[in-house]
Each structure stands twice: as C-alpha cells, then as structure tokens.
Colleague: 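Got a structure for you, written out below as structure tokens; questions coming shortly.
By convention in this document, chain letters (A, B, ...) are assigned in the order of the sequence lines, proteins followed by strands, and residues within each chain are numbered from 1.
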Protein chains: 2
Amino acid sequence: MASERSKTVTLAEVAAKAGVSKMTVSKVLREVGNISEETRQRVRQAAHELGYLPNSLAGTLSSRRSRIVAVIIPSISDIVYSEVLSGVNAILRPRGFQTFIGESQFDPSIEADLIRAMLSFRPAGLLLNGGMARSADAEALLARRNCPAIQLWDCDRHALDFSAGPSHEDAGRLVATHFLDRGLRRIAYVGAELDKDLNARRRYLALKSSLAAAHIDLINVICEDRPRQAVTGRFLTEQLMRMHPEIDGIHFLNDTMALGGLSYLHQAGIPVPERISVAGFNGTSLANAVRTRLTTIDVPRTEIGEKAAQALLRMTEGEPVPDFWQARIELVQGNTTHPA
Amino acid sequence: MASERSKTVTLAEVAAKAGVSKMTVSKVLREVGNISEETRQRVRQAAHELGYLPNSLAGTLSSRRSRIVAVIIPSISDIVYSEVLSGVNAILRPRGFQTFIGESQFDPSIEADLIRAMLSFRPAGLLLNGGMARSADAEALLARRNCPAIQLWDCDRHALDFSAGPSHEDAGRLVATHFLDRGLRRIAYVGAELDKDLNARRRYLALKSSLAAAHIDLINVICEDRPRQAVTGRFLTEQLMRMHPEIDGIHFLNDTMALGGLSYLHQAGIPVPERISVAGFNGTSLANAVRTRLTTIDVPRTEIGEKAAQALLRMTEGEPVPDFWQARIELVQGNTTHPA
DNA sequence: TGCCACGAGGTTAGCGATAACCTTAAAGCT
DNA sequence: AGCTTTAAGGTTATCGCTAACCTCGTGGCA
C-alpha cells in the first residue's frame, strides 16, 4: 500500500545523524538562533541525505503560528471567483502560505460547515465571499474565530475585519446611466438566485431605483431556483420576450447569463443592439469574443484577491488596515449597446 | 488584534466541564468506543456550551491519519482545470476531506516547491497534473512520499498510482479524421508552450502523424514563450495566414486560442468554415456561444476529477484500483467546420 | 460459587515539532 | 585575577489530541 512506502524521517533522526540535538536541527532549518557555520553544514547535509521533510502539522501545533489561509467561494469553476483565488495565491504562496479552498455553492449551510472545517485547522486567516446570507451557525463560528476574516467581492457592507470588492450599487447605477443615455426606456433585468447572491441583488436594486428616479419602471424576470448560467439566461430571455415584446434594453445578472440571452435573441432574429441593447456584469466574456462583444462592467478580479491577501498579511503582522478596499469598476462598451 | 479574540477551548476544558476524562470526550465526539448515552449527552452539551472546536492539526498529528488532499494544477482560473477541481471537491468534501490547492503555472520548479510544501502537511493523497515535465527534485519528493499520488488529465502514461484523463493521442486522431473526411488538405496546427504542456504536445504529434499517414504535411505555428491564451491564438493565426494563405483547416491547442484565432479570421473577412475550418480542444466554449459554435473535442472535466477522487478514496482504504481511467472524449460538431 | 465476558470509562505515552529557558567554555574588560 | 559577555548549543515542558492498553464493577453461565 502506498501509505507504507517509507517511514517518515523526523528531526530526531537528522539530529542523531548530525551528532547534535533536535533543537539545533530545528534552529538550523528555520535559520534562527546562533549556530556555527560548520554545524549548519553538517545538519543540512544530514537532512539532505536522509531526505528530511519537516512536518508542518507538528510545527504549527507547537509554535501556534499557522501558515494556512482558508478561502471559501461559491464556485471554483466559475471564472469570476477562481480569478480572485489566483490573486490571493499570487500574494500568499511566495510568503509560504498554503490556501485551503472551499466551495459553498451559495448555500449558507454548506458555508457554515466549511467555516467549521477550516477553523478546525487553526488558519492564519479566513477569506469569505461577501455576497451571501450567513447562517446563525456561521455567525457564531465567526464570532469565536481567533484569526482575521476578510470579505471578498463586496465593499458596501463591512461585516468582517476587511472587505475588498466593487460597489455593487455603483455597478447598478452605471448600467442605468448607460441605458438612459442611449435613450432606452423599456428596460428589463434578468437574473436568478437573488435570494442567495446578495451582491447581485444590490446591483439589481440600484438599477431599479436609478430608473425609478427617471420615472421608468424596471421590468424584471428573476428566477430564484435556476442556476445563474447561460441556459437560464436563454430561458428567461425567451420568457421575457414573450411577455414584453416591447423591451429595448436588458441588463443581465452576469456575463454568462447575458451570453445565453444573446444566443436566444440571435436565434430569434432580434437584432442587437438595433432592437434591443444588452449589458452584462463582470467583464469575463470580452477576451474570447469572436463577433459579439458584450457591453459589460469590468471588475478587476485578480486585484481583489491580491488586495485581500495583502490586507490579511498586514493583519497577521499586527499592522492596521483600513475597513475596506473599493475596486474600481468600469463600464466597457461592446457591440451589444449603441456607442455613446 | 483579531488573533487574540478568544483563547481556544480544548478537549481538557470540555472534559472538566462534563466531569469526565479527555479520552471520553474524544471518543464521544468521534463516535467511537463504548460510552453510555447519558454521558454522551453530557459531553455534547458541555462541548456545545463552550463552543468547542476540535483542533484538526493535533488530531491528525496524533492519529497519523490525515484528511487533507493536495491538488496541484497549472492554473486555477483556467476553467479547464478548475472544473476538474470541482469534481474532486464534490467527492471528497462530503467524506470530510479538505483540499489544498496549488497553482504550478506549468513551471516544474514551482511544481516541485508545491509538492514539498504540500507533503509537509502529510496529506492523505496527492493529485497532480499529468501533462508536465517533472523536475528531478519533484521526482525525488514523489519517490519518498507516503501517500497515494494520482495523475490528472492524462491516461497515456502511467507514472503514478493512478491516472484519470483522456487519451490525447485519440484526440489528435479525431481531429485529423474530421478534417480529412471534410476534404481538407492544407492543414495547420496553432499552439504554444508545447515544451511545457506535454499533453498538448501528444495531441499535436498524433495529428501530425495521422496526416502523414494520408501523405499530408502538417504546417505548424507553435510559439514556446507566449501564453496559451486567446491573444496568442489571434497573433499566431495572423502570422499563419500571412505565411500560408492557402491553409484550409486549423486545429488549435485549446478552445481559448481557437476563439482568438477566429476573431482574427472574422475581422480579416475570411469566412469560416467556407474558406477555413477551425477546431479546438476542450469543449469549454460551446455553452456560451452566441453565433460561432466552435467545433471542438469535448472532455468530461468534472468527471475526471470525480474519478480521480474516488480512486484516491479507494486507495486510502487499501482497496485495489486499476492503473488508470480513460475519459471518453467526443468531437462535437459546431459551425466552424462543415457538417458531415 | 467461581470464572469470564463485557460495558463504561480511565491512564500512559506518545505524535513531531518549538518556546523559553539553561549551560558551558572562551573571550573581553577593568 | 575576577567578573561579565557572548557564542554555541542543550534541556524541559508543552502544543492538543489519540492509540493502546488498563481498571473496575456487574451480570451471565456452568
């Protein structure tokens, strides 16, 4: 069996081979304390020959200083979240930290389970997705945590020690302005699972109230129990066009749903943007566009991860950090809305 | 400071509160041993009131049974790999395992560092991306590992305890057949970093030799030092068309590069598939297609992760597993090649 | 009655490291 | 000469938990 392959080499064995104490080996390998160059050589040589690999579990337990960072995101395979993860890793890995990844699927009870599991490893920090309803269980766990916790994707609320993300309200307003400037008046919102994704919900509400200020009623097609995927965007767009053929602008919850919607409109022979303008959210679909470049709001995803990780490092060193970092977002003009 | 928030509750404190020994608490919480129902209640009550959270580091160290699984993939934000990760998580999480994620960026020396860092946590298993050149350092670490190791994305070679992935040679042949069946004769391959991505290299070689069997010389445009991204696909396609305007079929390393290439062809006014047929690899671009549905080879990414995780579980339980699992792949006809 | 099995829980000894202090000899200082 | 420093390394006591064995009382059974 693979797990019997070889008994692991411990500090004690390296110490015996080098003719010193365990403590000396520990000091040499961590590069602390006062050890002569000659002894260092001997120790390193012995460690190398034995193929010694430190046991981080023991080290962490003993020193009570962890280099594990726990990250919980709704979905790993959604590029929106995985790019944030890349940013986090880019900062933490070179500093010797390991990331634990959890996938909550926007489910508060899975999130709570994950928080519990991750805290049981006594991580140096916790990165959570902000845009979710948190269960009471999760809140209780968070209250008892003894590490910094950071909220990702959200800087409108400041529930934890630090937040990094865009203002979702700004995002909703940006789309409203863009549509209104182009003379659109019959505007619809297409989304899903707004009961779970509270960030999306705030974008939706901001759009709605911005339009209301211009005396326009937002028409919405929101389906709580379908995934926030292209297939749902397509389905809901079809519903929308059946019920409200007069629509002239649609804002989708995200780019993925927007692409689903666009594929329906294209198939139905409805010209975009001549008849209907379309905007998404996230800037994920621009890079790979062949013909249809979606107008969308670009969010600096990797940078959000980087800023969150940097704040975490600062907190673990006891340095002060601000309450939040607001990601600047930008409406990127594609060819699914009219140019200015 | 956040890290001082509250001293953590230990088994001993729960034991004191419940009026039993630490061992009894440990047994109750792990649901092992013979403890009366009445005592169990008392212990659980005490644990709950104190907000006890087990320390998994200590538990793992003591029992020498780990529930950490280490996964190293080239890129987290590439959906191709992150969907595999989702599959892995879907199997492992419900069984109480945590995944450590590392990002190698196709760099053998980063990979070796990651393997070292992950093995230092004494994981229950190691999942590696198969299609990479492995450094001598990494090989040495793997030889001394004491956990099962599994290779992802690759089932042509069987270097570790188990492999899960498609046959990349089959993939290359599938494209060759598809192109030849459609009467294409001036065929090009566009790729990048084939020195790093050995799986892609095998697809390329299989395509080349299949065409050679039909007395056709594959024209290739491969750039070792640019990323395997859309922008590179676009750039290389432009080069290709300048040097070989007679081309009538292009196979791209992956879907992302193919979409970059398509966007160039579209902008240059070259009709696809009338003048040039295009095929990609991975099936990632079909779901979100608005107008251009790329002909590609679909790979069951999530399933690869699931099979790998299942094999790992089986190995940790000492059960036998086969050498590999071959993912079935399929050429999916889009509108960038002619129908059969 | 005597013996064994079993239920219910406790004791001891680590797991593999590190923190915090301690020792010792040689060198430096007055 | 006598005392303090310092370099170089060692000792001891945990970290928080679990494996493996031990104890003790009760009840069953021949």
Colleague: Do you see a donor-acceptor pair shorter than 3.5 Å between the side chains of A:E306 and A:Q310?
Modeller: no
Colleague: What is the 5' to 3' range of DNA chain D, first to last nucleotide, that sits under 4.0 Å from any heavy atom of chain B?
Modeller: D:dG16 to D:dA20
Colleague: I need the CD1-P distance between B:I35 and C:dG10, as an integer number of Å.
Modeller: 8 Å
Colleague: CD of B:E37 versus P of C:dG7: gap in Å, rounded?
Modeller: 15 Å
Colleague: Quick check on DNA chain D: between B:L61 and B:V32, whose nearest nucleotide comes earlier from the 5' end?
Modeller: B:L61
Colleague: Quick one: do the B:Q45 and B:Q41 side chains pair a donor with an acceptor below 3.5 Å?
Modeller: no
Colleague: Check the orientation of B:H158 and B:F324. Use parallel for under 30°, tilted for 30 to 60°, and perpendicular for over 60°.
Modeller: parallel
Colleague: Would you mind reading off the distance between A:E13 atom CD and C:dC15 atom P, rounded to a whole angstrom?
Modeller: 11 Å
Colleague: Tell me which donor-acceptor pairs under 3.5 Å the side chains of residues 106-118 of chain B have, and how far apart each pair is, sequence neighbours excluded?
Modeller:
residue: B:D107; atom: OD1; partner: B:S109; partner atom: N; Å: 2.7
residue: B:D107; atom: OD1; partner: B:S109; partner atom: OG; Å: 3.4
residue: B:D107; atom: OD1; partner: B:I110; partner atom: N; Å: 3.3
residue: B:E111; atom: OE2; partner: B:R134; partner atom: NH1; Å: 3.3
residue: B:R116; atom: NH2; partner: B:D137; partner atom: OD2; Å: 3.2

Colleague: Could you tell me the separation between the CZ atom of B:F121 and the C1' atom of C:dG16, rounded to a whole number of Å?
Modeller: 14 Å
Colleague: For C:dG9, does OP1 or OP2 lie under 4.0 Å from any side-chain N or O of B:S36?
Modeller: yes
Colleague: How do B:S63 and B:T39 order along DNA chain C: which one's closest nucleotide is nearer the 5' end?
Modeller: B:T39
Colleague: Does the pair A:R30 and A:S26 meet the rule for a side chain to side chain donor-acceptor pair (under 3.5 Å), with working shown?
Modeller: CA-CA 6 Å; A:R30 283 180 300 144; A:S26 173; 3.1 Å; yes
Colleague: Using heavy atoms and a sub-4.0 Å distance, could you list which residues of residues 16-25 of chain B are near DNA chain C? By number, please.
Modeller: B:V20, B:S21, B:M23, B:T24
Colleague: Considering only NZ, NE, NH1 and NH2 on the basic side and carboxylate oxygens on the acidic side, decide whether B:K196 and B:E193 come within less than 4.0 Å.
Modeller: yes
Colleague: Whole angstroms only, please: what is the CZ-P distance between B:R122 and C:dG16?
Modeller: 8 Å
Colleague: Within this structure, what is the NZ-to-P distance between B:K27 and C:dT11, rounded to whole angstrom?
Modeller: 11 Å
Colleague: It should be established whether A:R64 places a side-chain nitrogen or oxygen under 4.0 Å from OP1 or OP2 of nucleotide C:dA17.
Modeller: no
Colleague: Any side-chain heavy atom of A:L119 sitting closer than 4.5 Å to one from A:L141?
Modeller: yes
Colleague: Please output the side-chain donor-acceptor pairs of residues 84-96 of chain A that fall under 3.5 Å, not counting sequence neighbours, one pair per line with the distance.
Modeller:
residue: A:S86; atom: OG; partner: B:S77; partner atom: OG; Å: 3.4
residue: A:S86; atom: OG; partner: B:E103; partner atom: OE2; Å: 3.0
residue: A:N89; atom: OD1; partner: A:T99; partner atom: OG1; Å: 3.0

Colleague: Before you tell me yes or no, could you show the steps for B:F121 and B:F100 under ring-ring contact (aromatic ring centres under 6.0 Å, His included), namely the whole-Å CA-CA distance, both residues' side-chain angles and the distance that decides it to 0.1 Å?
Modeller: CA-CA 10 Å; B:F121 283 93; B:F100 262 148; 4.8 Å; yes
Colleague: Does C:dT18 have OP1 or OP2 under 4.0 Å away from a side-chain N or O of A:R30?
Modeller: yes
Colleague: Would you check if A:F162 and A:R314 make a side-chain contact, meaning some heavy-atom pair closer than 4.5 Å?
Modeller: no
Colleague: Between A:R42 and A:E38, does any NZ, NE, NH1 or NH2 come within less than 4.0 Å of an OD or OE carboxylate oxygen?
Modeller: yes
Colleague: To the nearest Å, give me how far apart CZ (A:R65) and P (C:dG16) are.
Modeller: 21 Å
Colleague: Is any side-chain heavy atom of B:M132 closer than 4.5 Å to one of B:D197?
Modeller: no
Colleague: Can you confirm whether B:L152 sits close enough to B:L128 that some side-chain heavy atom of one is under 4.5 Å from a side-chain heavy atom of the other?
Modeller: no
Colleague: Just report the end-to-end axis angle for the helix from C:dT1-D:dA30 to C:dT30-D:dA1, five pairs per end, to 10 degrees.
Modeller: 50°
Colleague: Using a heavy-atom distance cut-off of less than 4.0 Å, which residues of residues 40-58 of chain B contact DNA chain C?
Modeller: none
Colleague: Whether A:D323 and A:R157 form a salt bridge (side-chain N of Lys/Arg under 4.0 Å from carboxylate O of Asp/Glu) is what I want to check.
Modeller: no
